[in-house]
Amino acid sequence: MKSNTSWLDNAVFYEIYPQSFNDTNGDGIGDFNGIIEKLDYIKSLGCNAVWLNPCFESPFGDAGYDVSDYYSAAPRYGTNEDLKRLFEECHKRDMHILLDLVPGHTSVEHNWFKESMKSEKNTYSDRYIWTDSIWEEPQGMGCIRGISDRDGSCAVNFFSHQPALNYGFYKCDRPWQQPMDGEGPRATLEEMKNIMRFWLSMGCDGFRVDMAGSLVKHDEDGKGTIKLWQNVREFLDREFPEAVMVSEWGEPDKSLQGGFHMDFLLHFGPSHYNDLFRCEEPFFSSRGKGNVSEFVSKYEENYEKSEKKGLICIPSGNHDMDRLARSIKGDELKIAFAFLLSMPGAPFIYYGDEIGMRYVEGLASVEGGYGRTGSRSPMQWDNTVNAGFSSAPKEKLYIKQDESADRPTVQSQTADENSLWHEIQQLIRIRQAHKALQSNGEITFVYAEKNAYPLAYMRSAENEKILVIINPAGREVCFECEYAPKEKIYSFGGEINAAEGKISVPPCFSGFYII
Ligand code: NOJ
């Protein structure tokens, strides 16, 4: 039985890159059955929701973010029936599952695009953004041109094989630009709703939306795109009120207004997310030379703008970023997860991050991965052949695996009670037992000074207040704090000492205290 969207409050997501998770038919690529087989594993970690990367028919020039048929599962993963079974198996376990919706562009191999390339006017002529002469390029967007008889250039949205779907322009200044309420843009949006309707009726719980802020063009303040998503939310409220929407947008003030439940804090744009884990001197390194203050001030700005809804998701990583374990290691990872699992908004754990999977260096690009390929290598389950991922010959694996002798596996991590895996499991359990630590609990920062450690913040909900203290630095630090910690509910790396309005914090430490 599904409940309403309040499940998001204590949701902890697990992102699955289907290619690389678990292969049950021995072809070297993961599949839906493989995911079903591992749902109990995901649940045992404490995650109760899944975000599945695109799994639709595609020529895989961008790992499936180049869809050629939104209504069919890619045969490499299984059938629509198998995907439906995956939804059901999630629900049986009280888990939820979001699909990845790619509304901004398709593959050049999509039938819509093939039709739209024709010079004769047809149903799909306006499905994409075309100029009305091959000699005019759509400003600032990149384009595809000269590949068909149509006398025009087609705007692209990402790679040059991903033509931009047409949702219209907020401001039109050329004759070929269509307004949002033009016939072509309206038809594109209606079709996107049909796609959502199709998968929601089959049982998925909602969508992570790719490049959600990119749809309406010439829309600097996002007003048109917000309006478009409000329209989608109205449709969902009418037909699928329980559908959950999480955006890849990175501007929560806009996305939440557009009706999204949550927005990702992203590694690009002005978020300072990379200051934490992925820069020369990350805050979470024990070298202790990082700076968390700019991240915090940006976060506070977004938090205020989104009316303290706290629905900004901070992922451990994703299929576009370097693996967390590329720049921080060992206990640093445990401390990073204490932060990730005690912040507002639902946490997202990228598959394999829970065992500290490494970025595989020096790989050739696979399916449009380029530098991202090293973060997409197959999951390491155990010490059997191909780390238990697949029975295929090693050369047939989707991406080469980490071949180091000491590569982490689920087997070794679950057997060791001091492992990262067990730390994360414990942190999730604690989060789920305390409302203040969950998605909607409020946050106020207590200590987040420039070039200084620790980071301290207060989480609160109803009558519960929890002080979180995070000190990744390998040195003892001290900060002024008006709150006196009462009961400890979690600690890693020693004990704090609180006296006379000051708290001294041991090196490489994280702890949660009821106030
Ligand atoms: C963001 C996705 O996360 C990324 O993997 C993809 O390449 C682009 N959007 C284009 O869809």
Side-chain angles (χ1 to χ4, degrees), residues 13-21 30 50-70 74 77 98-110 112-113 128-129 141-144 154-167 188 192 195 207-217 225 229 245-251 255 260 262-269 271 273-274 278 313-324 348-353 359 363 365-377 398-399:
F13 279 85
Y14 192 85
E15 177 189 345
I16 298 180
Y17 195 67
Q19 293 89 320
S20 299
F21 196 55
V50 166
W51 156 27
L52 185 61
N53 289 111
C55 55
F56 314 108
E57 272 194 13
S58 163
F60 292 98
D62 183 12
Y65 282 94
D66 46 336
V67 179
S68 57
D69 178 358
Y70 289 94
Y77 304 130
L98 305 186
L99 292 181
D100 207 319
L101 182 74
V102 189
H105 46 267
T106 67
S107 153
V108 278
E109 291 187 22
H110 199 295
W112 301 341
F113 190 66
Y128 299 85
I129 301 171
M141 283 186 254
C143 71
I144 303 174
C154 182
V156 298
N157 214 35
F158 196 67
F159 287 149
S160 45
H161 54 75
Q162 289 161 317
L165 284 162
N166 182 16
Y167 296 91
T188 309
M192 218 28 81
I195 292 161
F207 301 93
R208 171 269 187 188
V209 178
D210 188 67
M211 296 175 68
S214 75
L215 303 195
V216 178
K217 306 302 182 193
T225 308
W229 286 113
M245 300 289 281
V246 182
S247 48
E248 186 200 35
W249 192 324
E251 293 181 272
S255 51
F260 283 94
M262 299 195 181
D263 192 12
F264 280 110
L265 199 84
L266 295 167
H267 51 298
F268 51 81
S271 71
Y273 170 81
N274 283 346
R278 294 172 179 82
C313 303
I314 311 178
S316 70
N318 70 23
H319 59 289
D320 294 331
M321 301 181 210
D322 284 0
R323 281 274 180 196
L324 195 57
F348 278 70
I349 300 177
Y350 182 48
Y351 84 95
D353 277 356
Y359 178 89
L363 294 182
S365 177
V366 174
E367 295 190 339
Y370 303 99
R372 307 174 292 183
T373 308
S375 300
R376 299 174 174 186
S377 63
Y398 173 67
I399 290 175

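First listed ligand is number 1; within each ligand, the first listed atom is number 1. Reckoned from all heavy atoms, side chains included, excluding hydrogens, waters and symmetry mates. Keep in mind that this is a model prediction, so the values were computed, not measured.
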Atoms of ligand 1 less than 4.0 Å from [X] heavy atoms?
X: His319; answer: 2 (C), 3 (O), 4 (C), 5 (O)
X: His105; answer: 10 (C), 11 (O)
X: Met211; answer: 9 (N), 10 (C)
X: Arg372; answer: 4 (C), 5 (O), 6 (C), 7 (O)
X: Asp320; answer: 1 (C), 2 (C), 3 (O), 4 (C), 5 (O)
X: Asp210; answer: 1 (C), 2 (C), 3 (O), 8 (C), 9 (N), 10 (C), 11 (O)

Legend entry - Side-chain donor or acceptor of Asp66 paired with backbone N/O of Gly61 under 3.5 Å: yes
Legend entry - Donor-acceptor under 3.5 Å (Asp263 side chain, Trp249 main chain): yes
Inset, instruction - Would you confirm whether the ring centroid of Trp51 sits within less than 6.0 angstrom of the ring centroid of Phe264? - result: yes
Legend entry - Ring centres under 6.0 angstrom apart (Phe158, Tyr65): no
Legend entry - Tyr350 six-ring face occupied by Arg372 cation (under 6.0 Å, within 45°): no
Legend entry - Heavy-atom gap Arg208 to ligand 1 smaller than 4.0 Å: yes
Inset, instruction - Could you walk me through whether Glu57 and Tyr70 pass side chain to side chain donor-acceptor pair (under 3.5 Å), step by step? - result: CA-CA 7 Å; Glu57 272 194 13; Tyr70 289 94; over 6 Å; no
Inset, instruction - Could you check atom 6 (C) of ligand 1 against the protein and tell me its nearest heavy-atom contact, residue, atom and distance included? - result: Asp62 OD2, 3.4 Å
